[in-house]
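Note that the structure is predicted; figures quoted are calculated from it, not measured. Below, chains carry the letters A, B, ... as their sequence lines are ordered, and counting in each starts from 1.
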Number of protein chains: 2
Amino acid sequence: MTKEEEILQAHITSHRLKVTKERKAILNVFMSTERHVTAEELYREMKNRGSSIGLATIYRTLNLFCASGLAEQRHFGDGQARYELTYNVHHHDHLVCKQCNRIIEFENLEIERLQEKVARKHHFTIYSHKLELYGTCEACSKEKSKSKPKSKAKSKKQTTK
Amino acid sequence: MTKEEEILQAHITSHRLKVTKERKAILNVFMSTERHVTAEELYREMKNRGSSIGLATIYRTLNLFCASGLAEQRHFGDGQARYELTYNVHHHDHLVCKQCNRIIEFENLEIERLQEKVARKHHFTIYSHKLELYGTCEACSKEKSKSKPKSKAKSKKQTTK
DNA sequence: TCTCAATTTGATAATCGGTCTCATTTTTAG
DNA sequence: CTAAAAATGAGACCGATTATCAAATTGAGA
Ligand SMILES: [Mn+2]
Ligand SMILES: [Mn+2]
Ligand SMILES: [Zn+2]
Ligand SMILES: [Zn+2]
């Protein structure tokens, strides 16, 4: 049993919940897929691997992962929640390329310290924060003309009239 | 005519759009209400003041304000977009109290500089960013037991089972 | 000022991510 | 093994926002 399975089981038993094959299966795939996955993406991935677990269960289970401290939910501005394993993963923030939807993780202790300083000045107690830098990644700014090297998002229709 | 009305008109004419009484009325109320307003809140405020403008037009017009550079859209994690006038307003980020939904604005050039530094390190070009610190404000941490002094958000049902 | 094509509006239908409901199945303490 | 509690899948439902469309308004040019 992986450490992650243990963490999940601990949370499950301490909350009088139940260990199910669905939860184990979802945890497995969740750990093996790319970071910042959406519920829908995870659902499709599981289907590809032969699973018949329903989408509602995917949502429920991702929420459970978050409640157990295994994962965290993120929003990168495309209207879908994304999830990433955070157990044993250093805290970090994100650079989000709006061209190709690539997500680059970074860690900056100076910024974290300054956030705390700001909070102190306002007598505010931080328990979470969100720092995202939106723009264009290196790859995308090099290929000035081409459009979407690693597209992941649906392009939303824009009424320009 | 206020400077804001001029900016809007400039955007409107340069895009072959039309100046309407609705747009002027919405801009007026938008400028006179509190910052970080939702479309729904602005709609109700206008109704209170006797307007009969439809909600769809409020949404359309707030989007227009954003397109013209007068306003910006924000998301503070409660699932509704909020808007604030940013013309002639210094860039700032936000402390969001999850107890009372108070929003405190702050400005920190050191953090902004460090963000740019991070971006440079990753050869990334930032064109916008989002920094929000979530937690408990001074007022709320003082009244340890009381719940919602200036409640603004609907409490979402949480299935704890 | 009049005309009229283009734009905007209000009402409301549609969309979309996500949650809830409920009948059925699975888990697990005893 | 039993039975109560919890979880599941299917699909109904929800809330914020956008799209549709007929009717009204706007404004550039005559
Ligand atoms: Mn990450
Ligand atoms: Mn603000
Ligand atoms: Zn990119
Ligand atoms: Zn507060």
Side-chain angles (χ1 to χ4, degrees), chain A residues 8-9 11-27 36-44 46-47 50-68 73-83 152-161, chain B residues 8-27 36-44 46-47 51-68 73-83 152-161:
Chain A
L8 180 60
Q9 198 168 57
H11 179 265
I12 282 178
T13 56
S14 74
H15 287 72
R16 290 165 192 73
L17 306 179
K18 290 174 178 179
V19 177
T20 65
K21 53 187 173 327
E22 288 85 359
R23 285 173 177 171
K24 283 193 258 182
I26 294 169
L27 179 57
H36 320 117
V37 76
T38 67
E40 192 67 44
E41 284 166 0
L42 186 56
Y43 173 64
R44 286 201 305 271
M46 297 209 57
K47 271 206 158 168
S51 159
S52 60
I53 295 176
L55 181 56
T57 297
I58 304 286
Y59 275 107
R60 286 188 284 236
T61 304
L62 285 170
N63 288 342
L64 179 68
F65 293 170
C66 291
S68 75
Q73 195 185 57
R74 316 253 178 244
H75 285 95
F76 293 138
D78 64 348
Q80 291 169 278
R82 290 177 181 277
Y83 300 84
K152 204 192 287 178
K154 314 173 214 179
S155 59
K156 295 212 170 177
K157 287 170 214 161
Q158 187 64 31
T159 312
T160 318
K161 273 204 171 179
Chain B
L8 181 60
Q9 197 169 59
H11 179 265
I12 282 178
T13 56
S14 75
H15 286 72
R16 289 167 193 72
L17 307 179
K18 289 177 179 180
V19 176
T20 65
K21 54 185 174 327
E22 289 83 0
R23 285 171 176 172
K24 282 193 258 180
I26 295 170
L27 179 56
H36 320 117
V37 76
T38 66
E40 192 67 44
E41 284 166 0
L42 187 57
Y43 172 65
R44 286 201 305 271
M46 298 209 57
K47 270 206 159 169
S51 159
S52 61
I53 295 176
L55 181 56
T57 299
I58 303 287
Y59 274 107
R60 285 187 285 235
T61 305
L62 285 170
N63 287 342
L64 179 67
F65 291 170
C66 292
S68 74
Q73 194 185 57
R74 316 254 178 243
H75 285 95
F76 294 138
D78 63 348
Q80 291 169 278
R82 291 176 181 276
Y83 299 84
K152 204 193 285 178
K154 314 171 216 181
S155 58
K156 295 213 170 177
K157 285 170 216 163
Q158 186 64 30
T159 311
T160 319
K161 273 209 172 174

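- We find that NE2 of B/H15 is positioned 16 Å from C1' of C/dA6, with the value rounded to whole Å.
- Residues B/T13 and B/A56 each lie close to DNA chain D; by heavy-atom proximity, the contact nearer the 5' end of the strand is made by B/A56.
- Looking at which nucleotide of DNA chain C each of B/K18 and B/T57 is closest to, the 5′-most match is held by B/K18.
- Relative to the side chain of A/Y59, the nucleotides D/dT26, C/dG17, D/dT18 differ in distance, and C/dG17 lies closest.
- Taking atom CD on A/E40 and atom C1' on C/dC16, their separation rounds to 10 Å, with Å as the unit.
- Between A/F76 and A/H36, the ring centre distance stays below 6.0 Å.
- At a threshold of 4.0 angstrom between heavy atoms, the contacts of B/R60 include nucleobase atoms, whether or not backbone atoms are also involved.
- Expressed to the nearest 0.5 Å, how far CZ of A/R23 lies from OG1 of A/T61 amounts to 6.0 Å.
- Atom C1' of nucleotide C/dT26 and atom NZ of A/K21 are separated by 6 Å, given to the nearest angstrom.
- If you check D/dA7, C/dT12, C/dG18 against the side chain of A/R23, the one that comes closest is D/dA7.
- Of the residues near DNA chain D, B/V19 and B/Q73, the one whose nearest nucleotide (by heavy atom distance) lies more toward the 5' end is B/Q73.
- Counting only heavy atoms from C-beta on, B/Q80 has its side chain closest to D/dA16 among C/dT8, D/dA16, D/dA7.
- A donor-acceptor pair is defined here as one N or O able to donate and one able to accept, closer than 3.5 Å; no such pair exists between the side chain of B/S51 and the backbone of B/K47.
- When the P atom of C/dT7 is taken as reference, atom CD of B/E22 falls 17 Å away, rounded to whole Å.
- Listed pair B/T20 / C/dT9 meets the phosphate criterion, a side-chain N or O lying under 4.0 Å from OP1 or OP2.
- Contact record, B/Q73 with B/A81: NE2-CB, 3.5 Å, taken as the closest heavy-atom pair.
- Closest approach to the A/I53 side chain among D/dT26, C/dT28, D/dG9 is made by D/dG9 (side chain taken as heavy atoms from C-beta onward).
- Protein atom NZ of B/K24 is 14 Å distant from nucleotide atom P of C/dT8, rounded to whole Å.
- Taking 4.0 angstrom as the limit, A/N63 places none of its side-chain polar atoms (N or O) nearer than this to OP1 or OP2 of C/dG18.
- Between the P atom of D/dT8 and the CD1 atom of A/I26 lies a distance of 7 Å, rounded to the nearest Å.
- If you check every strand for non-hydrogen atoms under 4.0 Å, A/S52 touches sugar and phosphate atoms only.
- Rounding to the nearest 0.5 Å places CG of A/L27 at 4.5 Å from CZ of A/F65.
- Atom CD1 in A/I58 sits roughly 13 Å away from atom P in C/dG18 (whole-Å rounding).
- As a whole-Å value, the separation of A/L62 CG from C/dT19 C1' is 14 Å.
- Taking only side-chain atoms of A/A81, from C-beta outward, the nucleotide of C/dA11, C/dG18, C/dT9 with the closest atom is C/dG18.
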